[in-house]
There are 2 protein chains.
Amino acid sequence: MEQFAKYPQQSAWWQSWHKDPPENTRDKILYAAFCEVHLNGFQAASIQNIINSAGVTKGALYHYFSSKDEIGYALLDEIFTQYIDSTFVEVLRDTDDPISALVEHLNQTGSQMSEEDIALGCPLDHFSQEMAPIDTAFQKRLDQLYQKKHTALVDALKRGQKAGNVTRDVTAESIAMMVHATMQGCMAMAKSSRSLEMLMQCGAGLIHYLEQLRPSS
Amino acid sequence: MEQFAKYPQQSAWWQSWHKDPPENTRDKILYAAFCEVHLNGFQAASIQNIINSAGVTKGALYHYFSSKDEIGYALLDEIFTQYIDSTFVEVLRDTDDPISALVEHLNQTGSQMSEEDIALGCPLDHFSQEMAPIDTAFQKRLDQLYQKKHTALVDALKRGQKAGNVTRDVTAESIAMMVHATMQGCMAMAKSSRSLEMLMQCGAGLIHYLEQLRPSS
DNA sequence: GTTTACAAACCGACCGTTCGGTATGTCAAG
DNA sequence: CTTGACATACCGAACGGTCGGTTTGTAAAC
């Protein structure tokens, strides 16, 4: 665990999944792999780079993971699952006013993004674009993660509809897909333009859309 | 130009940029590179695969392109630019009712997508997710392409506002970003789930949003 | 005779992976 | 309290293969 010169140490993406630097060998490898994959994509991620920045040897890596693909699976099953939970599921778990919760979450997330965070974009979306079409084992795991996000959204929106905080003109499923897709698109737009302003403007559009979903407006 | 066994010959993505199979060597290389990059991403795209499927030799490839990066630049400057023009700019060029034009375009595009098209996703979005954070030369070109799309949208929306077909409650720029981001997100969602139904449902959400942008509704 | 358009052989670097070996720990038998 | 058997956690040199790229050769076009 020496240097991650190229990976932003204070990355909002990083902070979301783990506060403490990893101690045991396996976690060191996973964390280094997460950074390397986020920077270069999975296929271009180098085992050598991973072990260099993790400060472990190749033998150690292949002791814990039988192949590069297995590292990818572990990233999805452990790190990315945790990432979705902490950045999204928890935000919506206990509210019956999901619109307010989402708007607040968008504002908060946007405000604490650095230029580097924006340039790197969402690690999960990047992973999905790259690996979903290539390998069904990856695709199934990625789909599962998005399903998790989708379900959290739908449940919260249904609670909101029940509580009279969300319009019933549109189904919760439809709103959830729209919100999810648009969030993904906003991050992608900001990433390609490397512009925080772009993220905020896209976010404003999404917030405007969300506000229109309140009943009797 | 032997086989593209793994690339769908009747791909909607392919048809959009060129009707005729390429004849001269340079175009053969570019077309093969487009397929290879769309399938595997740019970094994982193999020069060997490109020359194999293009039916040319390595000497021919490096006669026309000084490096792999130059092939990527050529793809963006020529193929992808043409792709944006034919799939998007032309759709909006001469209309002052952009909402109807977009809705029709979405319905038409969605209906002619195969399962393979969906699994592969938008080639430009994939390229952008992968290369924008890594290399500024790529990022600038990618940003330029999205700007082209954005400008086409903004111009059409402003004409629509002038003609009274689009609400003036929201700026054309804001609508354009929202539409662009959501389209991107819809394609990404459908890609990761490999589901045509997902694409149609996301598209329905976007269409609903668009219809709400008509004045006095 | 020079230039253009390839063709084919070849290069070192790096890839993911393997494998023989070691250091340390555990735990039960003697 | 020691000893032998086995397990876990590594170590790092080496492997076959592929990578992007180069060099040299050739034959037609101008």
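Numbers restart at 1 for each chain; the letters A, B, ... are given by sequence-line order, proteins then strands. Any value given below was found using the heavy atoms of this structure, including those in side chains, with hydrogens, waters and symmetry copies removed. The shown structure was predicted, so the numbers you read here are calculated from the model rather than taken from an experiment.
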- Item | Nearest-nucleotide comparison on DNA chain C, the residue closer to the 5′ end among A/S46 and B/T25 | B/T25
- Query: Can you check the A/I29 CD1 to C/dT17 P distance for me, whole Å?
  - Reply: 14 Å
- Query: What is the distance, rounded to the nearest whole Å, between atom NZ of B/K68 and atom P of C/dA13?
  - Reply: 19 Å
- To the nearest Å, give me how far apart CZ (A/F65) and P (C/dT18) are. 16 Å
- Item | Whole angstrom value for the distance that separates C1' of D/dT18 from CD of A/Q43 | 14 Å
- Task: Calculate the interatomic distance between B/I47 atom CD1 and D/dG20 atom P; express it in whole Å.
- Result: 5 Å
- May I ask you to say whether B/D77 pairs ionically with B/R141, meaning some side-chain N is under 4.0 Å from a carboxylate O? yes
- Within the pair A/H63 and D/dA9, is there a side-chain N or O less than 4.0 Å away from OP1 or OP2? yes
- Query: Which nucleotide in the list C/dT17, D/dC11, C/dC6 gets nearest to the side chain of A/A60?
  - Reply: D/dC11
- In terms of the nearest nucleotide of DNA chain D, which residue is placed more toward the 5' end: A/Y64 or B/D69? A/Y64
- Starting at CZ of A/F42 and ending at P of C/dC15, how long is that distance when rounded to a whole Å? 14 Å
- Select one nucleotide: of C/dC6, C/dG16, D/dA9, the one nearest the side-chain heavy atoms of A/Y62. C/dG16
- Would you call B/E173-B/K158 a salt bridge at under 4.0 Å N-O? yes
- Message: Any base atoms under 4.0 Å from A/A45, or only sugar-phosphate, or nothing? Heavy atoms, all strands.
- Response: sugar-phosphate
- Query: Does a side chain donor of either B/N49 or B/N52 reach within less than 3.5 Å of an acceptor in the other side chain?
  - Reply: no
- Note on the structure: When rounded to whole Å, the CD to P distance for the pair B/E36 and D/dG20 reads 9 Å
- In plain terms, say whether B/D85 and B/K148 are close enough for a salt bridge, that is, a side-chain N and a carboxylate O under 4.0 Å apart. yes
- Query: Among side-chain atoms of B/N40 and B/E36, is any donor-acceptor pair under 3.5 angstrom?
  - Reply: yes
- Task: Calculate the interatomic distance between A/N40 atom CG and C/dC15 atom P; express it in whole Å.
- Result: 11 Å
- Counting side-chain heavy atoms from CB outward, which of C/dC15, C/dA9, D/dG12 is closest to A/K58? D/dG12
